[in-house]
A.B. asks: 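Sharing a structure with you now.
A, B, ... follow the sequence lines: proteins, then strands. Residue 1 opens every chain.
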Amino acid sequence: MSISKKYEPSKTESKWYRYWLENKMFRSEVDPEKEPYTIIIPPPNVTGVLHMGHMLNNTIQDVLVRKARMEGKNACWVPGTDHASIATEAKVVGMLREKGIEKRSLSREAFLDYAWEWKEKYGGIILKQLQYLGASCDWDRTRFTMDGDMSDAVISVFVDLHKKGKIYRGIRMVNWDPQGKTAVSDDEVIFKEVNSKLYYIQYKIQDSDSESLTIATTRPETIMADVAICVNPRDSRFSHLVGKKAVIPLINRAIPIIADEYVDMEFGTGCLKITPAHDVNDYEIGLRHQLPVIDIINNDGTLNEKAEILIGEDRFVARKKIAEMLKEAGQLAKEEPYQSSVGHSERTDAVIEPKLSMQWFLSMEEITKPALKAVMDDVIQLYPAKFKNMYRSWMENVRDWCISRQLWWGHQIPAYYMPNGEYVVAKTKEEALEIANNKFGANYLLSDLKQDEDVLDTWFSSWLWPISVFDPGFFSSGQKNQDLKYYYPTNDLVTAPEILFFWVARMIIVGYEYMGEKPFRNVYLTGIVRDKLGRKMSKSLGNSPDPLALIETYGADGVRTGMLFSSPAGNDLPFDEKLVEQGRNFANKIWNAFRLVKGWEIDGTVSGQENQRAILWFESRYHQALTEIEDHFSKFRISDALMSIYKLVWDDFCSWYLEMVKPAYQHPIDPATHQRTLVFFEGVLKLLHPFMPFITEELWHEIKDREVSEALMLSPWPEAQEYDKKLIEEAQQVFEVVSQIRNIRTSKGISPKETLELTINTAGPEIYRCFEPVLKKLGNLNAIHFQERLEHAVGFIVRSDEFFLPIGQKIDLEKERENLIREIEYTKGFLLAVNKKLENEKFVQNAPEAVINTERKKQADALGKIQALEESLGKLGN
RNA sequence: GGGAGUUUAGCUCAGUUGGUUCAGAGCAUCUGCCUUACAAGCAGAGGGUCACUGGUUCGAAUCCAGUAACUCCCACCA
């Protein structure tokens with residue numbers, strides 16, 4: 001049969017994915033006989049689409065899972081999606097707006113109907129896309145954070161933590177996103193440098209005609225919420241004013257002048273206006289001085305009636321108008337340009353408004369302790385380890401976690417308010433009613449109870465993921481099912497460093513709080529996929545390639561390897577389509593190597609004696625590479641492992657081994673060599689499989705017909721064996737000779753087709769005798785002589801052996817002489833350095849013997865080499 | 001402002017406790033080849049003051065100190 005000259009991925013990929021799927025090869029079930037190997041997927045946003053970050057992330061997971069599966073472990077990769085409250089709700093709101101429907105015109109139920117409809121339509125697209133990549137997830141286990149039982153788990157945890165006193169409700173300054181109209185956690189605020197202005201505003205002193213104070217602020221629109229002016233107590237410029245009152249411009253409200261250490265005398269004018277409702281630090285000062293709070297900004301960022309002026313204006317419009325008004329009133333001393341960092345919402349990019357509001361919090365101080373210890377003690381290992389520092393500083397300075405969000409899409413907080421203003425927390429409304437009536441001796445009806453409007457932060461459900469995907473019921477029953485007992489703790493987690501705190505740390509917290517055990521052993525943190533210019537890939541920049549289009553062009557195997565070629569753990573991946581091209585070329589190389597072997601005609605009468613060395617050599621080399629690869633894997637150096645395989649396949653297998661055993665054109669091969677070659681081929685396919693699952697499975701079945709149970713993805717991973725180091729060394733030496741011969745051919749313009757005679761002058765001819773067939777074939781030699789040096793020939797030296805090729809008139813004597821002289825000079829220089837070292841008494845005294853011995857050997861080799869070179873030079877004649 | 005990390009070839013990165021000819025790999029580049037598996041290829045070649053300065057040592061890419069540049073994290077001075 002004839003196979004295509006080029007590998008065509010599209011013909012094989014869907015076929016094999018279906019084959020694996022239909023034969024349930026991704027499926028994992030509890031099997032006490034087998035060691036589990038578990039990865040939980042970082043659940044992507046349910047309505048998201050695959051981007052390059054997912055590709056990298058999931059390729060790594062698939063490599064790990066496939067290798068573990070081949071190693072005979074019960075590999076279980078659990079897929080699923082996350083409801084992503086803010087992002088999804090924003091998408092649904094946007095979709096409704098396009099239809100002309102405003103969210104606020106809908107009831108909660110109606111809105112959620114739309115949201116679910118949207119989820120049913122677009123949810124899970126991303127998981128389908130992962131299949132094109134070859135992801136070997138156990139799809140039967142697919143979970144969604146808002147599945148019924150998954151939601152129950154979230155509610156149970158909330159109720160439990162509340163009962164333990166770790167969840168509380170309180171008025172706090174939170175980060176308010178006026179566009180999303182919700183609070184967001186500290187971690188969801190991104191500070192950006194913004195060019196703004198510093199406004200110098202004059203406040204008159206009450207009961208004084210002449211005196212005034214000037215404050216500097218970036219937010220003039222908040223002066224109506226001022227409750228004090230603050231100076232540093234040591235600031236003599238203002239000490240006489242402390243205790244007096246200042247008057248807010250435009251609205252003429254008098255506020256006290258107070259003193260607090262917080263104020264920096266150097267900054268601005270040394271006077272600070274205190275606006276507790278709209279600045280975190282002012283709020284703290286306000287608490288210290290028992291100042292009132294005046295909140296003048298609505299949830300949507302407009303001014304309210306408490307502002308007295310500009311009611312209903314947006315905060316940024318109001319800022320400009322206030323500045324104008326102050327100028328007209330003569331109370332704006334000056335404005336100057338100012339650069340400051342301003343918090344933005346991660347999700348909507350709106351400028352965050354510090355806002356006081358009633359929110360739910362999780363007290364973090366106690367609950368984080370075991371999680372900190374686990375990572376510090378390397379019970380959980382971070383790769384790369386540099387993230388340990390970051391992790392520690394975060395965990396040591398962690399603040400209470402604001403877990404409520406003013407959204408509808410998500411898990412509604414199970415707190416129920418009674419007409420008397422009290423509330424109870426319970427799993428269901430019915431339970432709440434019972435508790436309420438018992439507690440307060442009341443006779444409330446179900447209809448009297450009103451559930452909290454807010455939902456929980458998305459991370460409050462995804463932090464349960466390593467447990468809930470196996471046993472969502474665990475959180476209410478406290479009983480572990482078989483799955484949970486067997487698969488937990490999981491092995492490796494592969495995710496982005498950006499969510500180390502959002503997600504990873506919190507899973508560890510929950511793991512210890514509820515299981516008393518780590519959720520995973522290793523955390524592999526990938527880098528960020530960037531474009532060639534080093535920019536993050538983003539939709540708005542349009543610099544992200546479409547992953548599915550890439551797969552279509554280069555094949556999934558090509559894309560997978562391309563992404564892994566240059567992405568060590570924790571390093572950003574500067575993505576270049578060239579990489580993927582390299583991956584595709586690699587697949588093609590493998591494909592063609594197979595075409596070669598497939599095309600061989602086998603003849604039992606041919607002797608394979610001459611291939612003996614080559615076979616022994618490759619076998620050793622294979623195990624050497626395998627040893628290296630295992631070492632890389634054990635350190636999570638995935639791209640290094642791939643590179644080792646790449647070189648084994650391309651250089652050692654294709655360029656050396658196959659060339660060594662390849663029969664001459666239209667000549668048959670002996671059965672033994674053929675058989676061994678197929679075994680080697682299978683051996684490299686196994687190593688390649690985790691990285692390139694499709695082409696390897698295809699060729700595996702091309703080699704011979706196999707039963708389902710014999711599929712490559714289920715075949716045993718090879719075990720590294722002892723290898724013959726000396727043989728590898730010797731082959732290396734022989735390869736050097738071959739390279740030198742080729743080099744001379746190139747430099748002298750001798751065609752590779754022209755046969756040559758090689759003369760070797762050596763004290764140890766055994767190596768070359770063993771490899772004689774190899775030397776002859778790869779050097780295209782018709783004879784090899786072992787004898788003294790040859791005159792009128794081009795010579796070269798490998799180690800301390802001399803080689804000569806008689807190439808007649810093509811020798812340029814002058815050039816040869818020059819080359820020899822240059823070589824002699826170089827070697828003499830080298831010898832000088834070695835001698836200097838050995839003559840140094842301190843060196844001989846202090847250096848370990850092994851080092852001294854190698855120096856002595858270098859000395860002897862160099863001497864021998866110089867002698868040989870000089871003799872050659874002499875033989876060249878004058 | 002506080003902390004961490006990085007700096008080795010044009011690019012992306014290896015380089016284990018200081019010691020083999022240690023200055024490496026892949027890609028890119030250059031030269032010659034369509035040599036019956038593969039031009040998505042083959043064969044060969046060039047390319048680095050290991051950021052800089054000083055120190056420790058018989059010996060430093062490797063250890064120490066300082067300097068510079070870049071990156072990230074945390075904080076958020078109006």
A.B. asks: Starting the side chain at C-beta, find the nucleotide from rU12(B), rA40(B), rC74(B) nearest to N588(A).
C.D. replies: rA40(B)

A.B. asks: With distance as the sole criterion, is a donor-acceptor pair present between the side chains of Q624(A) and R621(A) under 3.5 Å?
C.D. replies: yes

A.B. asks: Is S566(A) side chain donor-acceptor paired with the rC13(B) base, going by distance under 3.5 Å alone?
C.D. replies: no

A.B. asks: Please give, in whole Å, the distance from rA78(B) P to E335(A) CD?
C.D. replies: 17 Å

A.B. asks: Which dot-bracket string describes RNA chain B (Watson-Crick N1-N3 plus N6-O4 or O6-N4, or G-U N1-O2 and O6-N3, all under 3.5 Å; [ ] crossing; | other strand)?
C.D. replies: (((((((..((((.....[....)))).(((((.......))))).....(((((..]....))))))))))))....

A.B. asks: Taking only heavy atoms on the protein side, list every residue of residues 576-584 of chain A lying under 4.0 Å from any atom of RNA chain B, sorted numerically.
C.D. replies: Q582(A), R584(A)

A.B. asks: From C-beta outward on R399(A), which listed nucleotide comes closest to its side chain: rC74(B), rG44(B), rA75(B)?
C.D. replies: rA75(B)

A.B. asks: Salt bridge between E8(A) and K11(A), side-chain N to carboxylate O under 4.0 Å?
C.D. replies: yes

A.B. asks: Between rC74(B) atom C1' and Y391(A) atom OH, what is the distance in whole Å?
C.D. replies: 16 Å

A.B. asks: Could you label the plane-to-plane angle of the Y657(A) and F680(A) rings as parallel, tilted or perpendicular, counting under 30° as parallel and over 60° as perpendicular?
C.D. replies: perpendicular

A.B. asks: Among rU35(B), rA14(B), rG44(B), find the nucleotide with the atom closest to the side chain of N743(A).
C.D. replies: rG44(B)

A.B. asks: Can you tell me if H344(A) uses its side chain to pair, donor with acceptor, with the backbone of V342(A) under 3.5 Å?
C.D. replies: yes

A.B. asks: Choose from rU36(B), rA40(B), rC58(B) the nucleotide whose nearest atom is closest to any side-chain atom of N840(A).
C.D. replies: rC58(B)

A.B. asks: Just how far, in rounded Å, is P of rA37(B) from CE of M660(A)?
C.D. replies: 17 Å

A.B. asks: May I ask you to decide if T214(A)'s main-chain N or O and T269(A)'s side chain share a donor-acceptor pair within less than 3.5 Å?
C.D. replies: yes

A.B. asks: Select one nucleotide: of rA43(B), rA25(B), rG15(B), the one nearest the side-chain heavy atoms of T746(A).
C.D. replies: rA43(B)

A.B. asks: Salt-bridge test for R219(A) and E221(A): reply yes if a basic N is under 4.0 Å from a carboxylate O, no otherwise.
C.D. replies: yes

A.B. asks: Is any side-chain N or O of Y338(A) closer than 4.0 Å to OP1 or OP2 of rA78(B)?
C.D. replies: yes

A.B. asks: Whole angstroms only, please: what is the CG-P distance between D572(A) and rC11(B)?
C.D. replies: 17 Å

A.B. asks: Provide the full list of ring-ring contact (aromatic ring centres under 6.0 Å, His included) pairs with a residue in residues 564-596 of chain A, sequence neighbours left out, each pair given once.
C.D. replies: Y7(A)-W591(A), F565(A)-Y646(A), F586(A)-Y646(A), F594(A)-F681(A)

